[in-house]
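These values consider heavy atoms only, across backbone and side chains, with no hydrogens, waters or symmetry-generated copies.
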Amino acid sequence: MASGFIEITNKQGLSATLLPFGATLAKLTFPDKEGKNQDLVLGFNTIDEFESDTQSLGKTVGRVANRIKNSQLKFDGKEYKMTPNNGPHYLHGGPNGLGYKMGIGRHAPQSVSFSVKANEQEDGLPGDAKIDVTYTVNDRNQLIIEHHATCEIPGLLALTNHAYWNLDGSEDVKEHFLEMDSEEYVEVDDTFCPTGAIRCVKGTRFDFRNRKQLKAFGESENEILDLDNDLVIARKDPPITPTSNLRFWSQKSGIELSITTSYPVIHLYASKFLDCSGKNGEHYGANKALAIEPQFHSAAPNFENFPDVSLRPGQDYCQEIVYTFSHVN
């Protein structure tokens, strides 16, 4: 059983460092346009720092990622109330969520899997789950995250990875470019919790169908970006395999990250409230990075028009996130 940092690599210079605690992506390096390795995710130097982190850097979060409205829900006719940890809401599975559990690690040169169990007595959510999170690096310069789970008691499951991405080491990511194939976004209230409404991105600052720099999301260049929303992935009928659901890149480093996923939305959080000391003592502040979180709709258990995130005995939870790294022209 591995308990320390685990590194998986390919021959092209892509390297991912994982940690069993929280099934965490602790480090991701890839050569920039000059051939110099860049660490593309925020994190810490030591295991102790990851274990005391409360801002989910690189962690697998759940059992229900993102917010549950007013820390309460109804499941199979029963009311559940959790202890709030984000204003009035319950965020990322709370203080006993997956991000604070030690997984059992198994690894090969290019792949590592972590297994963890969760139940109502630990996190307050209905049901239980046996969860496997597998990270794989391949020779196409891809990092693949696979989420698989089963249960014995009916409950809820909606995972994501909470890595914060900065592709050039800059003080903030306002100069980074973003493009996403999304025609709708999930409306939120002033506490950043969904209202249940899904709105069209056309004519709004949530329209990233044509590339734009993140700073365009704000009204002025010096404004702290408050992006903290689900963008709904556009699905075609009949279905086609997209080259990417989202592209994020830096002209400074020349590094591009593209993402495809089986999840229905990607939550984008521009780290407005980030405030901690990270790798090599660097201060991580507002807009230092963009958390890109493929997931089910935030607060899905609270709204009937959002996808069902129940998991029942005999069902398999199988979802995938594929990160592809390349260089922009």
Side-chain angles (χ1 to χ4, degrees), residues 38 40-43 53-58 65-67 69 86-89 91-92 160 162-195 197-233 245-257 259 265-279 282-295 297-299 328:
Q38 291 277 350
L40 308 183
V41 297
L42 304 191
D53 169 42
T54 60
Q55 303 193 60
S56 300
L57 274 64
N66 233 290
R67 293 166 178 85
K69 191 175 183 67
N86 181 252
H89 311 301
L91 181 68
H92 295 327
T160 192
H162 205 283
Y164 289 80
W165 298 91
N166 181 318
L167 305 184
D168 60 22
S170 295
E171 183 178 350
D172 61 53
V173 290
K174 292 181 180 180
E175 300 289 329
H176 282 50
F177 286 85
L178 179 66
E179 180 179 274
M180 183 172 172
D181 186 15
S182 172
E183 298 176 356
E184 298 174 312
Y185 70 97
V186 176
E187 180 185 77
V188 298
D189 60 23
D190 58 5
T191 66
F192 297 101
C193 192
T195 65
I198 297 177
R199 306 296 187 191
C200 178
V201 302
K202 185 176 181 180
T204 75
R205 59 184 184 153
F206 299 98
D207 192 349
F208 291 99
R209 290 175 295 178
N210 295 314
R211 70 172 192 172
K212 62 184 180 183
Q213 287 181 299
L214 276 183
K215 64 183 180 182
F217 188 80
E219 296 181 359
S220 67
E221 286 202 9
N222 296 324
E223 180 183 351
I224 294 177
L225 305 180
D226 64 351
L227 178 61
D228 194 356
N229 296 80
D230 296 352
L231 273 69
V232 182
I233 295 172
N245 300 129
L246 176 149
R247 296 173 60 226
F248 185 55
W249 68 96
S250 162
Q251 292 289 358
K252 179 180 176 181
S253 68
I255 295 174
E256 176 180 315
L257 163 63
I259 293 177
V265 308
I266 297 179
H267 187 89
L268 299 175
Y269 171 50
S271 56
K272 177 179 180 179
F273 301 108
L274 186 64
D275 182 16
C276 65
S277 179
K279 293 172 182 174
E282 180 183 359
H283 177 253
Y284 295 158
N287 301 153
K288 172 64 180 178
L290 181 67
I292 304 174
E293 309 163 48
Q295 58 170 57
H297 295 51
S298 299
V328 294

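In this pair, F217 and F208 present their aromatic rings parallel. The plane angle is below 30°, not in the 30 to 60° band.
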side-chain contact (heavy atoms from CB on, under 4.5 Å) between L268 and I292, intermediate numbers included: CA-CA 5 Å; L268 299 175; I292 304 174; 4.1 Å; yes

Worked verdict on L246 versus L178 for side-chain contact (heavy atoms from CB on, under 4.5 Å): CA-CA 7 Å; L246 176 149; L178 179 66; 3.8 Å; yes

Evaluation steps, side-chain contact (heavy atoms from CB on, under 4.5 Å), between F248 and I259: CA-CA 9 Å; F248 185 55; I259 293 177; over 6 Å; no

T204/R199 under side-chain contact (heavy atoms from CB on, under 4.5 Å): CA gap, chis, key distance, verdict: CA-CA 10 Å; T204 75; R199 306 296 187 191; over 6 Å; no

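When all heavy atoms are compared, the tightest approach of V41 to A163 is CG1-CB, 4.1 Å. The shortest non-hydrogen separation linking S182 to V201 is O-CG2, 3.4 Å. In terms of heavy atoms, K69 sits closest to A299 at N-CB, 4.4 Å. For the residue pair A270 and N287, the shortest heavy atom distance occurs at O-ND2, 2.7 Å. Across N245 and M180, no two heavy atoms sit closer than the pair O-CG, 3.3 Å. In plain terms, the two heavy atoms of H92 and S56 that are nearest each other are CD2-OG, 3.9 Å.
Side chain of H176 to main chain of L167: a donor-acceptor pair is present (N/O by atom type, distance under 3.5 Å, no hydrogens or angles).
Applying the salt bridge (charged side-chain N to carboxylate O under 4.0 Å, His left out) test between E175 and each of K215, K212, K252 identifies K215 as the sole match.
The closest side-chain heavy-atom distance from R209 to E179 is not below 4.5 Å. No side-chain heavy atom of I255 sits less than 4.5 Å from a side-chain heavy atom of D168. By the 4.5 Å heavy-atom criterion applied to side chains, N66 and T160 are not counted as neighbours. Contact of the Q251 side chain with the F177 side chain is registered, since non-hydrogen atoms from C-beta on lie closer than 4.5 Å. Using a 4.5 Å cut-off on side-chain heavy atoms (C-beta onward), Y164 and Q55 make contact. Residues I233 and V265 have side chains not in contact (no heavy-atom distance under 4.5 Å, counting atoms from C-beta outward). Annotation: side chain of H283 is not in contact with side chain of K288 (no heavy-atom distance under 4.5 Å). Between L40 and L257 there is no side-chain heavy-atom pair separated by less than 4.5 Å.
We find the OH-CG distance between Y269 and D230 to be 14.5 Å, quoted to the nearest 0.5 Å. Here the straight-line distance linking atom CG of L227 with atom OG of S271 works out to 9.5 Å at 0.5 Å rounding. A distance of 4.0 Å separates CZ in R247 from CD in E256, rounded to the nearest 0.5 Å. E187 contributes atom CD, which lies 11.5 Å from atom SG of C193 (distance to the nearest 0.5 angstrom). Annotation: the span from L274 atom CG to D172 atom CG amounts to 12.0 Å, rounded to 0.5 Å. Interatomic distance, E184 CD to I198 CD1, rounded to the nearest 0.5 Å: 6.0 Å.
Not counting sequence neighbours, the partners of Y185 by the ring-ring contact (aromatic ring centres under 6.0 Å, His included) test are F206. Remark: D228 engages R67, H267 in a side chain to side chain donor-acceptor pair (under 3.5 Å) (not counting sequence neighbours).
By the neighbour-count criterion of 12 heavy atoms within 6.0 Å, atom CG of D189 is densely surrounded, having more than that number from other residues, nucleotides or ligands. Applying the 6.0 Å contact sphere to CD of E171 captures no more than 12 heavy atoms from other residues, nucleotides or ligands.
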